[in-house]
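Quick notes on the structure that follows.
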Amino acid sequence: ILTILEFPDKRLRTVASEVEQVDAGIKKLVDDMIETMYSAKGVGLAATQVNVHKRVIVMDVSENKDDPICLINPQIVERDGVEESEEGCLSVPGFFEKVSRAEHIKVKALDRNGDSFELEARDLLAVCIQHEMDHLEGKLFVDYLSPFKRNRIKAKLDKIHRAQGHQG
Ligand SMILES: O=C(O)C[C@@H](Cc1ccccc1)[C@H](O)SCc1ccccc1
Ligand SMILES: [Zn+2]
């Protein structure tokens with residue numbers, strides 16, 4: 001199980017770099033991220049959130065939580081429509097706010113074996129992919145909120161981290 005960084009940790013703002021080679025190390029990272037995602041009850045997780053700055057995301061939007069998807073070096077090749085939905089984030093625990101995203105997307109990526117594939121997504125899967133791909137750019141869903149709301153969330157999480165004895 002890997003440790004998930006929490007807002008406003010600066011490391012969440014790192015822009016992740018492309019995976020050159022899907023080797024054993026990347027496969028281990030994917031397995032560790034999937035295990036961490038399930039244990040945290042998330043439907044998605046980006047490598048940035050576990051302080052590994054590589055373009056790797058995992059997600060599982062299935063009912064029985066038995067269909068994990070891994071996207072390596074994901075690129076959105078098509079997007080259309082706009083849809084607003086309530087978002088949460090394992091790095092911003094306890095807060096849920098409305099965010100607008102593209103309603104339908106087409107994504108190109110490498111899978112866990114390094115093979116290229118294309119995925120078409122709508123609804124929760126589309127929201128999750130866009131949310132996770134933002135993480136790889138150092139972007140969080142709170143960045144779409146007003147400075148007032150974002151600062152209020154930052155203040156509340158800072159207070160919790162101080163009580164837990166986090167550095168900085
Ligand atoms: O990236 C993360 O932190 C995991 C996110 C993924 C996600 C965000 C917004 C909408 C869908 C997925 C969540 O924390 S997983 C928890 C969750 C589950 C269902 C709906 C919203 C949030
Ligand atoms: Zn998130």
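Counting starts at 1 for both ligands and their atoms, following the listed order. The model shown is predicted, which means the values in this text are computed figures rather than measured ones.
Screening the protein for N, O or S atoms under 2.8 Å from the Zn ion (ligand 2) yields 3; no waters enter the count.
Among protein heavy atoms, the minimum distance from atom 4 (C) of ligand 1 is reached at Gly44 O, 3.0 Å. Atom 1 (O) of ligand 1 has as its closest protein heavy atom Glu132 OE2, 2.8 Å. In terms of protein heavy-atom proximity, atom 22 (C) of ligand 1 is nearest to Gly88 N, 4.0 Å. Here the heavy atom of the protein found nearest to atom 20 (C) of ligand 1 is Leu124 CD1, 4.4 Å. In terms of protein heavy atoms, atom 15 (S) of ligand 1 is closest to Val43 N, 3.1 Å. Protein heavy atom in closest approach to atom 10 (C) of ligand 1: Val127 CG1, 3.8 Å.
At least one N or O atom of His131 sits closer than 3.5 Å to an N or O atom of ligand 1. For a threshold of 3.5 Å applied to N or O pairs, the pair formed by Glu87 and ligand 1 contains no separation below that value. Residue Gln49 has at least one N or O atom closer than 3.5 Å to an N or O atom of ligand 1. At least one N or O atom of Leu90, backbone or side chain, sits closer than 3.5 Å to an N or O atom of ligand 1.
The two residues Ala109 and Leu71 make their nearest non-hydrogen contact at CB-CD2, 3.7 Å. When every heavy atom of Leu136 is checked against every heavy atom of Lys54, the shortest pair comes out as CD2-O, 3.7 Å.
Close approach of ligand 1 to Cys89 is summarised as follows: ligand atoms under 4.0 Å from at least one heavy atom of the residue are 3 (O), 14 (O). Close approach of ligand 1 to Gly42 is summarised as follows: ligand atoms under 4.0 Å from at least one heavy atom of the residue are 15 (S).
Side-chain contact between Pro68 and Val58: absent, with no pair of heavy atoms (C-beta onward) separated by less than 4.5 Å.
Each of Glu87, Glu86, Glu83 was scored for a salt bridge (charged side-chain N to carboxylate O under 4.0 Å, His left out) with Lys98, with one residue passing: Glu86. Under the side-chain hydrogen bond (donor to acceptor under 3.5 Å, both in side chains) test applied with His104, the options Arg79, Glu120, Glu78 reduce to a single match, Glu120.
With hydrogens and angles ignored, the 3.5 Å screen pairs no side-chain donor or acceptor of Arg55 with any backbone N or O of Val19.
Contacts between Met37 and ligand 1, counted as non-hydrogen atom pairs separated by less than 4.0 Å, are absent for every part of the residue.
In the displayed structure, Lys149 atom NZ is contacted under 6.0 Å by at most 12 heavy atoms of other residues, nucleotides or ligands. Within 6.0 Å of NZ in Lys139 there are more than 12 heavy atoms belonging to other residues, nucleotides or ligands.
There is no side-chain donor-acceptor pair under 3.5 Å between Asn64 and Ser62.
Residue contact annotation: Met59 has no non-hydrogen atom under 4.0 Å from ligand 1.
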Can you check side chain to side chain contact (heavy atoms under 4.5 Å, CB included) on His131 and Cys89, steps first, answer last? CA-CA 9 Å; His131 175 108; Cys89 182; 3.7 Å; yes
Set out, in order, the CA-CA distance, both residues' side-chain angles and the distance that settles salt bridge (Lys or Arg N to Asp or Glu O under 4.0 Å) for Lys27 and Asp31, then state yes or no. CA-CA 6 Å; Lys27 290 185 182 183; Asp31 295 342; over 6 Å; no
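Qualifying salt bridge (charged side-chain N to carboxylate O under 4.0 Å, His left out) partners for Lys154, counting only residues two or more places apart in sequence or in other chains: none.
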